[in-house]
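Please read the structure below before turning to the comments.
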Amino acid sequence: MEIGNFMQRLGPDRAVKNEWLWQGMELLGIEVFNIGGNDVEELQTLGLEFRKNGRFISANLLSDQSGELLLDPYVIKTLSLSPSSPPFRVGFIGFAVSKHSSGSDASYRWEHPSESAGKWLPELREKCDYVIALACMPLGDAIQLAIDHKGIDMILNGFEHQSAMPPIKISRSTIVYAEDEAKSLGELRFSLKSGRAAVQPLNHRLTRRVADDPEIAAFMVKAKADISARQTEMALQTAQADGHGHDHHGHHHDHGHSHSHGSHQAHADSNFVTSQTCATCHAEAFRIWEGSAHAHAIDILIRERKEFDTQCVICHVTGSGQPGGFQDLLRTAHLANVQCEACHGQGREHSQQPTEFKMEPLGPNSCVSCHNPSNSPEFEFVSYWEAIKH
């Protein structure tokens, strides 16, 4: 089952990744998809039929014109827990909260999950033995759903890099967080005790010690190669349109902080001045940074052939998504790697008037946008800071 927000929404390369993502989900044989705010338009772009089909569900995605549900609100699956026991019916109902505006010309809108739950939960409760809500929403909203509605046995919750947590009990409901980005495999283990079903949620961390399924591994090799090739081609086309005639193959050999030389003058339209400029006054700090993984962060993506992946580069470069910041390796190679300004903020004013303009103070919370539980599960500020303190 899929909780929602499984489609990539950001970046010009998202359509390429979504094509392969959907093929992979088909290969895995996922039977139930709750539709999240990221998914509607991306599924339509892929040409999938967005209708009631017993597979896509949402109890709060409505037609903007008629106010009727666009998809089935729930689906019921029958399990056989033992040869002697009667069939056990598990109902899955889907809810989502979208943080993105659907736009004035959108054909759909999102109803408040609690309002939708009031309409559909009583009906579902009568038809099945156990109710699981697939809740694509912040944890606070999932807790409120459990408080407001007593008919949910389990809430499988997840929403864009939410922090991992153990299961929590709210009223009748057990809330289980499902980690994103395929870092772990969730399992619900049903068993009969005294004639009643008990459910144990398990979370299996997918480390390198877990062997890949051969069929999926072969699929991933093919997918990654095609995605990388098409991302590179898109970046080349964009660079050429902007008047940058770089040769990508030669470019790989010179992508580090050496690009920063002279950038203070060459990139006067940007408020990012690069670590090379910072080094003129902060030589010791620059020396420490130069020997750190931050100074070679883009190398990790190059080894994985993800240097043009718009979702990955954000945490491996400086100023991605900001005016004057990193765009791609062909146009803004001088801002590759996690340089001083990635953490301390844009440095032009400080470099020109250091006593008048101070840089941003840092602390443990400065790191967690990239070193979040999904990307960096072992991150702990004190020990990590020891490796780079300056």
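A quick note: this is a predicted structure, and the numbers were derived from the prediction, not measured.
Within 6.0 Å of the CD atom in Glu284, the count of heavy atoms belonging to other residues, nucleotides or ligands exceeds 12. The environment of CD in Gln65 is sparse: at most 12 heavy-atom neighbours from other residues, nucleotides or ligands sit within 6.0 Å. Within 6.0 Å of NZ in Lys119 there are more than 12 heavy atoms belonging to other residues, nucleotides or ligands. The neighbour count for Glu126 CD, taken as heavy atoms of other residues, nucleotides or ligands under 6.0 Å away, does not exceed 12. When the shell of 6.0 Å around CD of Glu49 is examined, it contains 12 or fewer heavy atoms from other residues, nucleotides or ligands.
Judged purely by atom type and a 3.5 angstrom limit, Thr78 has no side-chain atom pairing as donor or acceptor with the backbone of Pro87. Of the possible polar contacts, none joining the Asp153 side chain to the Ile132 backbone as a donor-acceptor pair under 3.5 Å is found. Asp13 contributes a side-chain N or O that, together with a main-chain N or O of Thr310, makes up a donor-acceptor pair within less than 3.5 Å. Asp212 places no side-chain N or O within donor-acceptor distance of the main-chain N or O of Pro214, the cut-off being under 3.5 Å. In this structure, the side chain of Asn60 does not engage the main chain of His112 through any donor-acceptor pair within 3.5 Å. Of the possible donor and acceptor atoms, none in the side chain of Thr332 sits under 3.5 Å from a partner among the backbone N and O of Phe326. Proximity of a side-chain donor or acceptor of Asp72 to a complementary backbone N or O of Gly54 within less than 3.5 Å is detected. A side-chain donor-acceptor contact under 3.5 Å links Thr232 to the backbone of Ser228. Using modelled atom types, one side-chain atom of Asn157 and one backbone atom of Ala135 make a donor-acceptor pair closer than 3.5 Å. A side-chain donor-acceptor contact under 3.5 Å links Glu341 to the backbone of Val273.
Classified by interplanar angle (parallel below 30°, tilted 30° to 60°, perpendicular above 60°), the ring pair His350/His282 is parallel. Ring geometry for Phe286 against Trp289 counts as tilted: the plane angle lies between 30° and 60°, on a 0 to 90° scale. Taking the six-membered ring where the residue is Trp, Phe50 and Phe56 present tilted rings, their angle falling between 30° and 60°. Taking the six-membered ring for Trp and thresholds of 30 and 60 degrees, His344 and His390 have ring planes more than 60 degrees apart, a perpendicular arrangement.
Taking the six-membered ring where the residue is Trp, the centroids of Phe190 and Tyr130 are separated by under 6.0 Å. Ring centroids of Trp120 and Phe95 are separated by 6.0 Å or more, keeping the two rings apart.
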Given Glu111 and Ser116, is the side chain to side chain donor-acceptor pair (under 3.5 Å) satisfied, shown in steps? CA-CA 7 Å; Glu111 186 176 52; Ser116 300; 2.4 Å; yes

Run the numbers on Asp64 and Ser107 for side chain to side chain donor-acceptor pair (under 3.5 Å), then give the verdict. CA-CA 5 Å; Asp64 191 52; Ser107 60; over 6 Å; no

Please step through side chain to side chain donor-acceptor pair (under 3.5 Å) for the pair Glu233 and Gln237, ending with a clear verdict. CA-CA 6 Å; Glu233 182 60 31; Gln237 291 175 355; 3.2 Å; yes

Evaluate side chain to side chain donor-acceptor pair (under 3.5 Å) for Ser383 paired with Glu386, printing each intermediate quantity in order. CA-CA 5 Å; Ser383 58; Glu386 283 298 313; over 6 Å; no

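A donor atom on one side chain and an acceptor atom on the other are not found under 3.5 Å apart for His204 and Ser184.
We find that Asp226 and Arg230 are joined by a salt bridge, their nearest charged nitrogen and carboxylate oxygen being less than 4.0 Å apart. Using a 4.0 Å cut-off between charged nitrogen and carboxylate oxygen, Glu304 and Lys306 do not count as a salt-bridge pair. Ion pair Lys222/Glu215 not flagged as a salt bridge, since none of the NZ, NE, NH1 or NH2 atoms sits closer than 4.0 Å to an Asp/Glu carboxylate oxygen. The existence of a salt bridge linking Lys52 and Glu68 is excluded, since no basic side-chain nitrogen approaches an acidic carboxylate oxygen closer than 4.0 Å. A salt bridge between Lys17 and Asp309 is present, with a side-chain N of the basic residue lying under 4.0 Å from a carboxylate O of the acidic one. Ion pair Arg14/Glu42 flagged as a salt bridge, since at least one NZ, NE, NH1 or NH2 atom sits closer than 4.0 Å to an Asp/Glu carboxylate oxygen.
With values rounded to the nearest 0.5 angstrom, Ile57 atom CD1 is found 8.0 Å from Phe92 atom CZ.
With sequence neighbours excluded, the residues satisfying disulfide bond (SG atoms under 2.5 Å apart) with Cys370 are Cys315. For the salt bridge (Lys or Arg N to Asp or Glu O under 4.0 Å) test, residues two or more places apart in sequence or in another chain that qualify with Lys127 are Glu123. A search for side chain to side chain contact (heavy atoms under 4.5 Å, CB included) contacts involving Leu124 returns Tyr74, Ile76, Ile93, Cys128, Val131, not counting sequence neighbours.
The closest side-chain heavy-atom distance from Val199 to Met154 is below 4.5 Å.
The side-chain contact (heavy atoms from CB on, under 4.5 Å) test with Ile170 is passed by exactly one of Leu145, Ile147, Ile155, Ile152: Ile147. Remark: of the listed residues Asp328, Leu335, Ile298, Ile298 is the sole one forming a side-chain contact (heavy atoms from CB on, under 4.5 Å) with Val317.
Closest approach of Ser114 and Asp148 over heavy atoms only: OG-OD2, 3.4 Å.
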